Participant: 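Below is the structure I would like to discuss, written out as structure tokens.
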Protein chains: 2
Amino acid sequence: MTTRLFSFAGGNTGRWRVQSMNTLAGESLAVVEALELVEGDAGPLHDSRWVLRGITSNERYVTREEKDSLVAKQQGLGRSLSRCAALIPLRKSAGWWTLTQDERRQIFEDHSRHIAIGMKYLPAIARRLHHCRDLGPDEPFDFITWFEFTEADTAAFDEMLKVLHASPEWRYVNREVDIRLRLA
Amino acid sequence: MTTRLFSFAGGNTGRWRVQSMNTLAGESLAVVEALELVEGDAGPLHDSRWVLRGITSNERYVTREEKDSLVAKQQGLGRSLSRCAALIPLRKSAGWWTLTQDERRQIFEDHSRHIAIGMKYLPAIARRLHHCRDLGPDEPFDFITWFEFTEADTAAFDEMLKVLHASPEWRYVNREVDIRLRLA
């Protein structure tokens, strides 16, 4: 069985070179030159300035019909041509977390088309979502999403983020850092 | 801000005396005489035989209408007459976790009436649900529920569990231990 827990260690060394770090909301993260993606709990790595952790988990919003469409279109991480990546940790406000399931689903998909927007960019943009909020009471972020794509699909990725950022769901995002990477 | 993380330490000492431990599904837990409920991460406590951890989190299934009804009827933990408690850690099968949100909600409420059943026993049975599955990849349980009630309401509590155990949702439960306690 493969692990569900992943660590993202920012520092001077790592397989991924940091191209840019852009704080979109809330507190920034210390600037680093490289990132290493580690399976399991890395702990504080040699020379890392920060380590973010996230765990893959069950679907929170998608229906069976949506899931089947996603699975039919999506491709896995690690494609040889996908030499570009983005690491986007984000946190949502207390107001988001006190909403009930139906209220969150309504904002997430009925009003913001989060699933439909992501679907439009498949299979070009591969992604893995990690949850952080329930790892413990003091996590700095609620989610970490890892994206992989080709150099040529970078513009499409930027466009996807722009559409998501303009959606009602993003009114609840109070910390977000967009870290762009390239395979070393 | 109060913590969302709680530890349940079973051992020789603690504010709650164990009356019975009944393994309903899967592997049992070592028999202990007492239980201490600790805010935060207790770590391995002095003389504890096991420590279970869980974190309170956002609602996974209830709608706004259901939530408002629950809040109107429920009472908090720590009522002076509630000298009886139950600690019920449980785990659900891999089959449950690969279901999509709509499929789980359908089993949870449409077919099993989990929310409606709990509502029927309010305010007598006070409860707090803790999530464990996303604390890490190796947690022994997915959920820990802590219940408090009076001696006189014990029969009602037993009845509630009986109804829940007969529901379709419980076909997905593959580990469950029912620990009954009384204030020392």
Side-chain angles (χ1 to χ4, degrees), chain A residues 1-7 38-43 53-71 91-110 114-115 129-139 141-144 172, chain B residues 1-7 38-43 53-71 91-110 114-115 129-139 141-144 172:
Chain A
M1 189 171 160
T2 54
T3 184
R4 294 165 48 221
L5 186 67
F6 295 88
S7 300
V38 184
E39 288 198 6
D41 197 339
R53 299 177 315 136
I55 190 162
T56 60
S57 189
N58 57 296
E59 307 289 351
R60 300 297 210 263
Y61 300 107
V62 303
T63 63
R64 172 53 58 194
E65 197 180 346
E66 289 161 349
K67 174 79 177 177
D68 289 346
S69 302
L70 287 166
V71 167
R91 192 174 59 199
K92 283 178 170 171
S93 66
W96 174 262
W97 295 112
T98 56
L99 295 174
T100 54
Q101 178 67 27
D102 56 327
E103 291 170 331
R104 280 182 279 103
R105 161 79 197 189
Q106 197 169 47
I107 296 164
F108 185 87
E109 188 60 18
D110 304 349
H114 191 133
I115 298 163
L129 173 65
H130 311 78
H131 297 258
C132 323
R133 186 167 187 260
D134 291 345
L135 282 174
D138 303 313
E139 289 298 312
F141 294 97
D142 290 335
F143 304 99
I144 298 170
Y172 295 90
Chain B
M1 188 170 160
T2 54
T3 184
R4 295 165 48 222
L5 186 66
F6 295 89
S7 300
V38 184
E39 286 196 9
D41 198 338
R53 300 178 313 137
I55 190 162
T56 60
S57 189
N58 57 294
E59 308 288 351
R60 300 297 211 261
Y61 300 108
V62 302
T63 63
R64 172 54 56 194
E65 197 180 347
E66 290 161 350
K67 174 79 178 177
D68 289 346
S69 302
L70 286 166
V71 167
R91 192 175 59 199
K92 283 179 170 169
S93 65
W96 173 261
W97 295 111
T98 57
L99 295 175
T100 54
Q101 179 66 28
D102 56 328
E103 291 170 332
R104 280 181 279 102
R105 161 79 198 189
Q106 196 170 47
I107 295 165
F108 185 87
E109 189 60 18
D110 304 349
H114 191 134
I115 298 163
L129 173 65
H130 311 78
H131 296 258
C132 322
R133 184 166 188 262
D134 290 345
L135 283 174
D138 302 314
E139 289 298 312
F141 295 97
D142 291 334
F143 304 99
I144 298 169
Y172 295 90

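Here the structure is a predicted model, which is why all the values come from computation and not from measurement. Convention: sequence-line order gives letters A, B, ...; per-chain numbering from 1.
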Participant: I'd like to check the side-chain hydrogen bond (donor to acceptor under 3.5 Å, both in side chains) partners of A/Q101; sequence neighbours left out, ordered by chain and number.
Facilitator: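 side-chain hydrogen bond (donor to acceptor under 3.5 Å, both in side chains) check on A/Q101 returns A/R104.
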Participant: Looking at every non-hydrogen atom in both residues, tell me the closest pair between A/L135 and B/G136 and how far apart they are.
Facilitator: CD2-N, 4.5 Å
Participant: Quick one: which of B/K67, B/E103, B/E66 has the most heavy-atom pairs under 4.5 Å with chain A, could you say?
Facilitator: B/E103
Participant: With no hydrogens and no angle check, is any side-chain donor or acceptor of A/N58 less than 3.5 Å from a backbone partner on B/L99?
Facilitator: no
Participant: Does any heavy atom of chain B fall under 4.5 Å from the side chain of A/I55, the backbone, both, or neither of them?
Facilitator: side chain
Participant: Can you tell me how far apart OG1 (A/T63) and CZ (B/R105) are? Round to the nearest 0.5 Å.
Facilitator: 15.0 Å
Participant: Looking at B/D134 and A/R4, is any side-chain nitrogen of the basic one under 4.0 Å from a carboxylate oxygen of the acidic one?
Facilitator: yes
Participant: Please determine, among A/R60, A/H131, A/R53, the option with the most heavy-atom pairs under 4.5 Å with chain B.
Facilitator: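 Answer, by heavy-atom pair count under 4.5 Å with chain B: A/R60.
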Participant: Rounded to the nearest 0.5 Å, what separation is found between the OG1 atom of B/T100 and the CG atom of A/D68?
Facilitator: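 So the OG1 of B/T100 and the CG of A/D68 are separated by 8.0 Å.
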Participant: Once side chain to side chain contact (heavy atoms under 4.5 Å, CB included) is applied, do any residues pair with A/S69, and if so which ones, sequence neighbours excluded?
Facilitator: A/M119
